[in-house]
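One structure is given here, and the rest of the page talks about it.
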Number of protein chains: 2
Amino acid sequence: MQVTARVDYAIRAMAEFAAQPDRALTRKDLATAQGLPGKFLESILRDLARDGILTSQRGASGGFRLGRPAADITLADVVRAVDGPLAAVRGQPPESVEYTGPARALTRVWVATRAALRQVLEATTVADLASGTLPEHVERLTEDTEAWRRR
Amino acid sequence: MQVTARVDYAIRAMAEFAAQPDRALTRKDLATAQGLPGKFLESILRDLARDGILTSQRGASGGFRLGRPAADITLADVVRAVDGPLAAVRGQPPESVEYTGPARALTRVWVATRAALRQVLEATTVADLASGTLPEHVERLTEDTEAWRRR
DNA sequence: CACTTTTCCCATCTTTAACGTAGGATTAAT
DNA sequence: ATTAATCCTACGTTAAAGATGGGAAAAGTG
């Protein structure tokens, strides 16, 4: 699983919105707060606005705001807005790939893999991230010291 | 998470080995059995052999064999052999990326995400795949009908 | 020894995606 | 008017994905 720069930047931007929910933040505000490339970030913010995760206001004293409360925006929502489906197998959705012979069960493995991802990314909201308090079962996944070793 | 053709092909090849553990299989055998591009498959098989997952024998009546029992080869082993680390954030290992401000907890999210992946891919062996009987908690992830909807 | 079958190794190619920049049009406040 | 912002389109650069081709080296067979 490769987390792209788009996803990383989008989530970091969302964390800033959750921390300052009553201000409109400009692309420049966010770029300097998190050290992100401004023009690239712009296209990411528009993806988020297209999906209703942010609202935008043009003109002077404009910027972006949360489209709904940070507690109602999951990290999976953000990933899908900027990068499309959470999981794909050779570009196809996991449930649609078919195999023959002894590989027949592989479809189920891919569906399970996506489900495992969803258990983390749909459970964690932007509000959780900004507060630093992750859902219990997500926190539990990080508690095993093995989880922190390079693998 | 994008499952690449390399990973997909590698796992399908491994399923064939698990189904016929006592024969040496050639790249051509595997390519026709699973309908894979032969030359591309060759480089995948050599990756698997480099990691000891397969052994190879050159010359007439040569081919590839399992390097250890199929029940001792996890899908994670196969993924790592052909595609490198299971998870990366902008090319870096999840535990090494650092964030500032309200994004500070994001490192933990990425580590948890990788751990969730590992719970599926390290639990499932090539023997499980070929037999069609996945580990209980993997099977359970696929039982929710929601798991089969496009997302 | 010649011949065949295979892996091994290296080079190359095409297409796509990732990552980012540039510049102007549009909107809105002062 | 001026300024500050999003919107929109186009472009560029680099790396990765997904292959293909051809020959060298090894191993078995007649």
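No experiment lies behind these values; they were computed from the predicted model shown. Quick note on labels: first sequence line is chain A, next is B, and so on, each numbered from 1.
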Which residue lies toward the 5' end of DNA chain D, A/G62 or B/P37, if each is placed at its nearest nucleotide?
->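 It is A/G62 whose nearest nucleotide is closer to the 5' end.
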
Find out if a path of hydrophobic residues (ILVMFWY) with successive side-chain heavy-atom gaps under 4.5 Å connects B/V111 to A/M1.
-> no

Mind checking whether A/W148 and B/V89 sit in one hydrophobic cluster, side chains of I, L, V, M, F, W, Y counted as touching below 4.5 Å?
-> no

Mind checking side-chain contact (heavy atoms from CB on, under 4.5 Å) for B/P69 and listing every partner two or more places apart, or none if nothing turns up?
->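 For B/P69, the residues satisfying side-chain contact (heavy atoms from CB on, under 4.5 Å) (neighbours in sequence not counted) are B/D72.
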
Sequence neighbours left out, what passes side-chain contact (heavy atoms from CB on, under 4.5 Å) with B/S43? Give chain and number order.
-> B/R6, B/F40

For nucleotides 21-24 of chain D, print each protein N/O atom paired with a nucleotide N/O atom at under 3.5 Å, atom names and distance only.
unit_1, atom_1, unit_2, atom_2, d
D/dG22, O6, B/K39, NZ, 2.3

Between atom CG in A/L25 and atom P in D/dT6, what is the gap in whole Å?
->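 A/L25 atom CG is separated from D/dT6 atom P by 10 Å.
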
What integer distance in Å separates B/Q57:CD from D/dA25:C1'?
-> 13 Å

Short question: side chain of B/S96, backbone of B/Q92 - any donor-acceptor pair under 3.5 Å?
->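 Here the side-chain-to-backbone pair does not exist.
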
Which residues pass the side chain to side chain donor-acceptor pair (under 3.5 Å) test with B/T26, sequence neighbours left out?
->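 In terms of side chain to side chain donor-acceptor pair (under 3.5 Å), with neighbours along the sequence ignored, B/T26 is linked to B/D29.
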
B/D8: salt bridge (Lys or Arg N to Asp or Glu O under 4.0 Å) partners, not counting sequence neighbours = A/R90, B/R12

Tell me whether the OP1 or OP2 atom of [N] has a side-chain N or O from [X] closer than 4.0 Å.
| X | N | value |
| --- | --- | --- |
| A/S61 | C/dA28 | no |
| A/T26 | D/dA4 | no |
| A/Y9 | C/dG20 | yes |

Do [X] and [Y] come within less than 4.5 Å of each other through their side chains, counting heavy atoms only?
| X | Y | result |
| --- | --- | --- |
| B/V82 | B/L48 | yes |
| A/W110 | B/T142 | no |
| A/L30 | A/F17 | yes |

Members of residues 15-24 of chain B that approach DNA chain C, where some heavy atom sits under 4.0 Å away = none

With a 4.0 Å heavy-atom cut-off, tell me which residues in residues 87-102 of chain A come close to DNA chain C, sorted by residue number.
-> none

Closest non-hydrogen atom pair between A/A10 and A/V78, with its separation =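 Looking at all heavy atoms of both residues, the closest pair is CB-CG1, 3.7 Å.
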
Pairs touching residues 126-137 of chain B that satisfy salt bridge (Lys or Arg N to Asp or Glu O under 4.0 Å), sequence neighbours left out | B/E136-B/R140

Residue pairs meeting salt bridge (Lys or Arg N to Asp or Glu O under 4.0 Å), one or both in residues 98-118 of chain A, sequence neighbours left out, come to A/E95-A/R114, A/R108-B/E139, A/R118-A/E122

What donor-acceptor contacts under 3.5 angstrom involve side-chain atoms of residues 50-61 of chain A, with partners at least two apart or in another chain?
unit_1, atom_1, unit_2, atom_2, d
A/R50, NH2, A/D47, OD1, 3.0
A/R50, NH2, A/A81, O, 3.3

Any donor-acceptor N or O pair under 3.5 Å, side chains A/Q34, A/E16 =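 Side-chain D/A pair, A/Q34 to A/E16: present.
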
Which pairs, protein N/O on one side and nucleotides 15-18 of chain C N/O on the other, fall under 3.5 Å?
none

Using heavy atoms and a sub-4.0 Å distance, could you list which residues of residues 43-54 of chain B are near DNA chain D? By number, please.
-> none

